[in-house]
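Along the sequence shown, residues are numbered consecutively beginning with 1.
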Amino acid sequence: MYPWWYTDWFNGASYSRQFPPADGRHGAAGEDAARTRDERLARAVADAVLAAPGVTGGRIELGVQNGVVILDGDVDTEATRREVVALAWSVPEVADVCNALTVHRGLAR
């Protein structure tokens, strides 16, 4: 599994990859060549979630394993929870979405 953590994404901080290139090389060319399907899916889901105006706040951990998107963490509303799941499903090649997001009111963007 290739986890992505969003502890501060709702405060405007950018996210970062948490996994090294598979071939041990560094740099854009090595990273692009080594990126697996799961890594590409994780990036696509993360980009979709971060760009969505309907996602209003929370702390989301996103992982992908064998094409299955795994969502865990807390969001501020049920609408945000549904939106994140829908965004994950909207990414081509996603085989399934495991939704373990919980709603905790009071989380702010």
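- Atoms CD1 and CG, from Ile60 and Asp72 in turn, are 10.0 Å apart once rounded to the nearest 0.5 Å.
- Summarising the geometry of Leu41 relative to Gly67, their closest heavy-atom pair is CD1-CA, 3.8 Å, with the distance given to 0.1 Å.
- Checked by atom type and distance alone, the side chain of Arg59 never pairs as donor or acceptor with a backbone atom of Asp74 at under 3.5 Å.
- Closest approach of Ala44 and Val91 over heavy atoms only: CB-CG1, 3.7 Å.
- Within the model, atoms CG of Asp76 and NE2 of His104 stand 11.5 Å from one another, a figure rounded to the nearest 0.5 Å.
- Counting only heavy atoms from C-beta outward, the side chains of Glu39 and Val64 never approach each other to under 4.5 Å.
- Between the side chain of Arg37 and the backbone N or O of Glu93 there is at least one donor-acceptor pair closer than 3.5 Å.
- Nearest approach of Val55 to Glu83, heavy atoms of both residues: CG2-CG, 3.7 Å.
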Go through Asp96 and Val69 one step at a time and tell me if the side chain to side chain contact (heavy atoms under 4.5 Å, CB included) criterion holds.
CA-CA 6 Å; Asp96 199 2; Val69 175; over 6 Å; no
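- Interatomic distance, CZ of Arg82 versus CG of Asn99, reported as 11.0 Å (0.5 Å rounding).
- Considering Leu87, Val49, Val85 in turn, Val85 is the only one that fulfils the side-chain contact (heavy atoms from CB on, under 4.5 Å) rule with Leu71.
- No donor-acceptor pair closer than 3.5 Å links the side chain of Thr77 to the backbone N or O of Val103.
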